[in-house]
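Lettering follows sequence order; numbering is per chain, from 1.
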Protein chains: 2
Amino acid sequence: MVKMSRWSPNARGRLEQAAYELFLDKGYEPTTVADIAKRAGLTERTFFRHYADKREVFFGGAAALQEELLRALDGAPPAFSAIEAVRIAVEAMSKLMHGRRALSRERQRIVAAHADLRERELIKRATLTAALAGALQRRGVREPAASLAADMGMAVFHVGFGRWLEDPAGRELVDVVHEGFDQLKAVASGI
Amino acid sequence: MVKMSRWSPNARGRLEQAAYELFLDKGYEPTTVADIAKRAGLTERTFFRHYADKREVFFGGAAALQEELLRALDGAPPAFSAIEAVRIAVEAMSKLMHGRRALSRERQRIVAAHADLRERELIKRATLTAALAGALQRRGVREPAASLAADMGMAVFHVGFGRWLEDPAGRELVDVVHEGFDQLKAVASGI
DNA sequence: CTCCATGATGGCAGTGACTGACATCAATCA
DNA sequence: TGATTGATGTCAGTCACTGCCATCATGGAG
């Protein structure tokens, strides 16, 4: 039997939905948290029970990315080098963006326009990087190789992501990222 | 002849000094901007004329780093590969930290303890990275090699910086970073 | 010399993000 | 039946940050 609450279900999702609608409509800054809560049929106070702050509502998907990243890394053959394992993990994460290019571009447009949101995005990236480095260490990779490999992998992802959004050929992110690792190797071989 | 102002000189420096003293004394969050301004003999309103926000007072040195980074990159021999040029630039920037290890460690302790400040630090790093990538492009390096090389260089700096702060041997940052580039090459050769 | 523009500052009233404390009340469970 | 739980509401408060206007030495134009 389905549990019935006295509250409308999925408050968190309604808040996220309301936030996106309002951000697209009148922009990020002019939209107050009270506006978002009102549109979701809730109060400002309740918004802050679901999201630590106004920006967080934009980054609900980060947890799923991290799960996939770590899951894939753990699945990489033990014989793989650090950077090969990172490549597997980052490419697996990239597959999650399949079919989301238009959405991603909209979102990126908003994030790029607001320093607040860019800061938050960078911290999400740093968190992913640290998680990746930690998982590499548990795999037996020593420092600073683990941190460097993690940073390099996330750099390839980040650069690839930006190119994917602009790619006129409409390739898949996985493919852009895959190629990025080859380019990384080429650049590094210049030392 | 020296210009005499009716105001005490170096308001900006006094604000920075006051902020550090208060942050070390009672911590970052409990210190209000009004506290800082008062200690500097100014008002809150004036604080915000010198610093865009409360965090910015912590990152006054970033501009000097960027100048040195770009200056050194422009001075690198044209025949150098992208990553070699980046190495020159990042190592030059690293030299600016000479003799500042104790200070840096204090500062890092505060920054690490506050998500706000970590976010701001990441944006400073991203700004440096973007500036470096742009300078590489003006040098003739194409994308995505320029962005990848810039990201790799900043990753080496970042990882090296962390190791430098903890290094029991007390080596210079330049040396830690120099070694970091070799380790980067080793990691990348694993692809 | 007079007057005016400049520029760093102060004062003040506001907005909006975020927090702590307490109340509410349907569902659930002992 | 009665206690507990958990998501929510209400309210007052703090503090970062902004806009607007006033102040007032300095320096230059006339």
Atom pair distance, as rounded to whole Å: CZ in B:R12 and P in C:dT9 | 11 Å
A:Q108 and A:S104 side chains, donor-acceptor separation under 3.5 Å = no
Any donor-acceptor pair under 3.5 Å joining the side chain of B:R49 to the base of C:dG7?
-> no
Of A:P30 and A:A52, the one whose closest DNA chain C nucleotide lies more 5' | A:P30
Provide, to the nearest angstrom, the distance between the CD1 atom belonging to A:I36 and the C1' atom belonging to C:dA17.
-> 11 Å
Salt-bridged, B:E68 to B:R71, with N to O below 4.0 Å?
-> yes
Given that A:R55 and B:R45 both sit by DNA chain C, which one's nearest nucleotide is further toward the 5' end?
-> B:R45
Any donor-acceptor N/O pair, A:R171 side chain to A:V176 backbone, under 3.5 Å | no
Rounded to the nearest Å, what distance is computed from the CG atom of residue A:D35 to the C1' atom of nucleotide C:dT15?
-> 13 Å
Report the nucleotide, chosen from D:dA16, C:dG10, C:dA17, that has the shortest atom-to-atom distance to any side-chain atom of B:V33.
-> D:dA16
Establish, with yes or no, whether the OP1 or OP2 oxygen of C:dG10 is under 4.0 angstrom from a side-chain nitrogen or oxygen of B:T46.
-> yes
Please give, in whole Å, the distance from D:dC15 C1' to A:K54 NZ?
-> 17 Å
Touch check for A:A34, heavy atoms < 4.0 angstrom, all strands: base, sugar-phosphate only, or nothing?
-> nothing
In terms of the angle between their ring planes, are A:Y28 and A:H114 parallel, tilted or perpendicular, with boundaries placed at 30° and 60°?
-> tilted
Atom pair distance, as rounded to whole Å: CG in A:L15 and C1' in D:dA7 | 12 Å
Between D:dC11 (P) and A:F48 (CZ): distance, integer Å | 18 Å
Choose from D:dT10, D:dC17, C:dC18 the nucleotide whose nearest atom is closest to any side-chain atom of A:T43.
-> D:dT10
Compare side-chain N and O positions of A:H50 against OP1 and OP2 of D:dA7 and report whether any pair is under 4.0 Å apart.
-> no
Checking D:dT8, D:dA16, C:dA17 against the side chain of A:T32 (C-beta onward), the nearest is C:dA17
Figure out the CG/P separation between A:L22 and C:dG16, and round it to whole Å.
-> 14 Å
Salt bridge A:R120-A:D53, side-chain N to carboxylate O under 4.0 Å = yes
Nucleotide D:dC15, atom P - distance to NZ of B:K26 in whole Å = 9 Å
